[in-house]
Structure formats: C-alpha cells, structure tokens
Undergrad: 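This structure is in structure tokens; I'll ask about it shortly.
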Amino acid sequence: MEPSKSHIKFIIPCYNEAGRLNLAAFIDFLDSTSGQNVSFLFVDDGSKDDTKKMLHDFSSRHKSIDLLALVKNVGKAEAIRQGFLSVNEQLDYLGYLDADLATPLSEINHFRKIIGEKKRPILIMGSRVGLLGYSEIKRNMTRHYLGRIFATVVSNILQLPIYDTQCGAKIIQAQIAKEVFRDAFISKWLFDVELIFRIKKLKSDYRSRIVEVPLRKWEDKAGSKIAFTYFFQAPFDLIRIFLRYR
C-alpha cells in the first residue's frame, strides 16, 4: 500500500494538559499534509483544568480533530483503550502519541513510509535510540539508564529483540486493534508490554510483522505524569503481566 493511501487516526490521551498542549502544531501538520488520510482523536481523561474546554473548542473548528471526553480520570492505558474502542471509521491503522509531542508530528510521515515498505506490518513502534548522524534524542540520563535496564528485562521476557517498548508512539493495524484493546490492561503505564503479549498470542507471524522504527527526533518534556518512584513499582507490574501471559 502506498503510504499516502493508508488512513490513520491517532489517539492523543490528555490529562490536565492545558498548559502544555500545542494545538497549533496539529493544525500546521494537517495543513502541511492537506489532512491527507490522517486524523486525531483527543481523549480527555477527566481533566480538572481547562483541557476539556480547549479540546472541545478545537475539535468543533476542525473536521480532522475529534474529542472523546471521559467523565473521570482512568489513567493513560484505559484512556487510550477507550479511544480505540470508540472509533467506528473504516481505517487502515490506529495509533497513539503523547500529548506533549515528545515524539513530534513530523515522525508520522516516517511511519507512513514504513507502512508502504513493509507489507502491512501489524505493529509499528517508535524507538528512542540515538544514532550518530541520524537522530536527535534528548532524554533525562537517569531515566534513560533505568529505562535501558528495564528494556533489557522486558526484551528477555517477551523473547523479542525490542530496544524500546515504552516509547509513546505506536501504530497498530486497525483490523486487529479492537481485539487487542478489547480488555482492560493490568498496568496503566506498562500496557505497551501487555499489548505486545496480546499481539504475540493473536498472530503466529508476529516476528516478521512487528517493526521497531528509530525516531529521528524525540525530547523529554517537563510535566511527565509518571512519578519517578514508579520505577520501583514497575517490576511488580511486569511480573503480573508475565504471569498472565506466560
């Protein structure tokens, strides 16, 4: 399939993002691509600030922007899941990105190119790997090194050579997305790992159809909702996930 013909909708989970949302970046992206087969669904996760109002006004003015407003805060994993389940359009792929645009929207065109080259992959995963002369990855060093330890453990558990499961930029083939997101996830932050376990269970040819793509640009943004102390809880969530899917 030609990259320009694959229709993709991206879910953008938002919780108290009024001070960080760069809505102009979405308009600039849509204008630059003429909105060609790319749209966005913002999911307001029960925000207590002006996020919901901002997104309501924004979506009412732009046809490629939709809004799903949740009544109460349910966490990132469930907000994304509810977003996926609410989509009824005929699409080729569904994806999700972080609201702070740590992964810039320009990477979407890179992902679409991969779709055209790789014979309809099931899952495309952004990967925050710094490559000399190729990428510009700006990460907090402490989080980076803890993340590398975690990623090595996860790779061994999944029995897949994945460099970065936790990057918040992924695209999933629409025809299996509803099945993958049908049930609630165990962990609100490690759902990416559980997502891969579910795809492994569904598709016997998963090894050739999961594609990890090095991002050309990524930057840590201030205001992360993940507390640093979660790194100490993460191993327990990972054990629970492993026990369910082993």
Side-chain angles (χ1 to χ4, degrees), residues 1-13 20-42 62 64-65 76 80 83-84 87 89 91-139 144 147-148 151 155 160-177 180 191-193 195-196 199 206-221:
M1 177 178 292
E2 294 179 26
S4 61
K5 292 184 179 180
S6 55
H7 190 177
I8 308 171
K9 180 179 284 289
F10 286 91
I11 311 301
I12 314 292
R20 299 201 306 168
L21 275 173
N22 182 4
L23 299 181
F26 290 90
I27 296 303
D28 289 344
F29 173 80
L30 290 170
D31 287 345
S32 68
T33 59
S34 300
Q36 191 177 32
N37 293 334
V38 177
S39 57
F40 298 94
L41 169 63
F42 289 85
H62 303 284
S64 295
I65 306 291
K76 181 179 179 181
I80 290 176
F84 269 73
V87 175
E89 304 166 52
L91 300 165
D92 297 298
Y93 285 87
L94 284 160
Y96 56 91
L97 296 171
D98 291 332
D100 61 8
L101 296 184
T103 302
L105 296 174
S106 57
E107 293 296 319
I108 290 176
N109 292 327
H110 188 39
F111 288 162
R112 297 177 79 199
K113 183 179 179 182
I114 295 298
I115 292 173
E117 293 175 347
K118 294 292 183 178
K119 296 183 179 179
R120 290 184 60 77
I122 295 171
L123 173 66
I124 298 176
M125 306 170 54
S127 181
R128 298 164 294 182
V129 52
L131 299 172
L132 186 63
Y134 173 84
S135 57
E136 184 181 352
I137 308 297
K138 299 179 180 179
R139 301 188 67 180
H144 170 66
R148 291 311 316 134
S155 180
L160 287 172
I162 296 176
Y163 180 85
D164 185 4
T165 59
Q166 299 312 112
C167 178
K170 292 182 175 64
I171 297 177
I172 305 162
Q173 199 174 99
Q175 68 184 41
I176 72 163
V180 171
F191 69 96
D192 303 81
V193 177
L195 175 69
I196 298 169
I199 290 175
Y206 63 87
R207 284 187 176 273
S208 63
R209 300 185 66 193
I210 296 176
V211 181
E212 194 169 18
V213 180
L215 297 177
R216 291 171 297 187
K217 190 173 183 179
W218 190 92
E219 182 176 358
D220 255 321
K221 300 286 187 175

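All values reported here derive from a predicted model rather than from experimental measurement. Keep in mind that the numbers below use all heavy atoms, side chains included, and drop hydrogens, waters and symmetry copies.
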Undergrad: Report the C-alpha distance between I199 and R209 in whole Å, list the side-chain angles of each, state the deciding distance to 0.1 Å, and finish with yes or no for side-chain contact (heavy atoms from CB on, under 4.5 Å).
TA: CA-CA 10 Å; I199 290 175; R209 300 185 66 193; over 6 Å; no

Undergrad: Taking all heavy atoms of S127 and all of E212, pick out the closest pair and write down the distance.
TA: OG-OE2, 3.3 Å

Undergrad: Would you mind reporting whether L123 and V211 have side-chain heavy atoms less than 4.5 Å apart?
TA: no

Undergrad: Can you give the donor-acceptor pairs under 3.5 Å from side chains of residues 162-171 to other protein atoms, not counting sequence neighbours?
TA:
residue	atom	partner	partner atom	Å
D164	OD1	R128	NH2	2.9
D164	OD1	Q166	N	3.2
D164	OD1	C167	N	3.3
D164	OD2	R128	N	3.0
D164	OD2	R128	NE	2.7
D164	OD2	R128	NH2	3.4
Q166	NE2	W189	O	3.1
K170	NZ	T165	O	2.7
K170	NZ	C167	O	2.6
K170	NZ	D192	OD2	2.9

Undergrad: Does the side chain of I11 reach to within under 4.5 Å of the side chain of F42, using non-hydrogen atoms?
TA: no

Undergrad: Please identify each residue that fulfils side-chain contact (heavy atoms from CB on, under 4.5 Å) with A151, with sequence neighbours left out.
TA: R148

Undergrad: How many angstroms lie between NZ in K138 and CH2 in W218, if you round to the nearest 0.5 Å?
TA: 12.0 Å

Undergrad: Return the set of residues passing salt bridge (Lys or Arg N to Asp or Glu O under 4.0 Å) with E219 (not counting sequence neighbours), or none when no residue passes.
TA: none

Undergrad: For a quick test of reading the model, state the closest non-hydrogen atom pair linking L101 to N22 and the distance between them.
TA: CD1-O, 4.4 Å

Undergrad: When rounded to the nearest 0.5 angstrom, what is the spacing between CD1 in I122 and CD1 in I210?
TA: 6.5 Å

Undergrad: Go through the steps for V193 and I196 under the test side-chain contact (heavy atoms from CB on, under 4.5 Å), then give the verdict.
TA: CA-CA 5 Å; V193 177; I196 298 169; 5.9 Å; no

Undergrad: So, using salt bridge (Lys or Arg N to Asp or Glu O under 4.0 Å) as the criterion, who are the partners of K217 when residues are at least two apart?
TA: none

Undergrad: As an exercise, state the distance from OG of S64 to CZ of F10, rounded to the nearest 0.5 Å.
TA: 13.0 Å

Undergrad: Only counting residues at least two apart or in another chain, list the ones meeting side-chain contact (heavy atoms from CB on, under 4.5 Å) with P214.
TA: V129, L131, Y134

Undergrad: Between I124 and I172, is there a side-chain heavy-atom distance shorter than 4.5 Å?
TA: no

Undergrad: Restricting to salt bridge (Lys or Arg N to Asp or Glu O under 4.0 Å), what partner residues turn up for R139, sequence neighbours left out?
TA: none

Undergrad: Heavy atoms only: give me the nearest P121-Q173 pair and the separation to one decimal.
TA: O-NE2, 3.5 Å

Undergrad: Carefully, step by step, assess I12 and F26 under the rule side-chain contact (heavy atoms from CB on, under 4.5 Å).
TA: CA-CA 11 Å; I12 314 292; F26 290 90; 4.2 Å; yes

Undergrad: So, using ring pair (Phe, Tyr, Trp, His ring centres under 6.0 Å) as the criterion, who are the partners of Y96 when residues are at least two apart?
TA: F191

Undergrad: Taking ring pair (Phe, Tyr, Trp, His ring centres under 6.0 Å) as the test, write out the residues that go with H62, two or more places apart.
TA: F58

Undergrad: With sequence neighbours excluded, tell me which residues meet salt bridge (Lys or Arg N to Asp or Glu O under 4.0 Å) with E107.
TA: R216

Undergrad: Taking all non-hydrogen atoms of both residues, which atom of L94 and which atom of A177 are closest, and how far apart?
TA: CD1-CB, 3.9 Å

Undergrad: How far apart are the closest heavy atoms of V38 and H7, and which atoms are they?
TA: N-CD2, 4.4 Å

Undergrad: Could you work out, with ring pair (Phe, Tyr, Trp, His ring centres under 6.0 Å) as the rule, every residue matching F84, not counting sequence neighbours?
TA: F181

Undergrad: Not counting sequence neighbours, which residues clear side-chain contact (heavy atoms from CB on, under 4.5 Å) with S208? List them please.
TA: D205

Undergrad: Tell me, do I65 and L30 make a side-chain contact under 4.5 Å, heavy atoms counted?
TA: yes

Undergrad: Report the C-alpha separation of L97 and I108 in whole Å, then their side-chain angles, then the decisive distance to 0.1 Å, and conclude whether the side-chain contact (heavy atoms from CB on, under 4.5 Å) test is met.
TA: CA-CA 10 Å; L97 296 171; I108 290 176; 4.1 Å; yes

Undergrad: Would the distance check show the side chain of D100 and the main-chain N or O of K221 forming a donor-acceptor pair, the cut-off being under 3.5 Å?
TA: no

Undergrad: Backbone N or O of L160 within a donor-acceptor pair of the S155 side chain at under 3.5 Å?
TA: yes

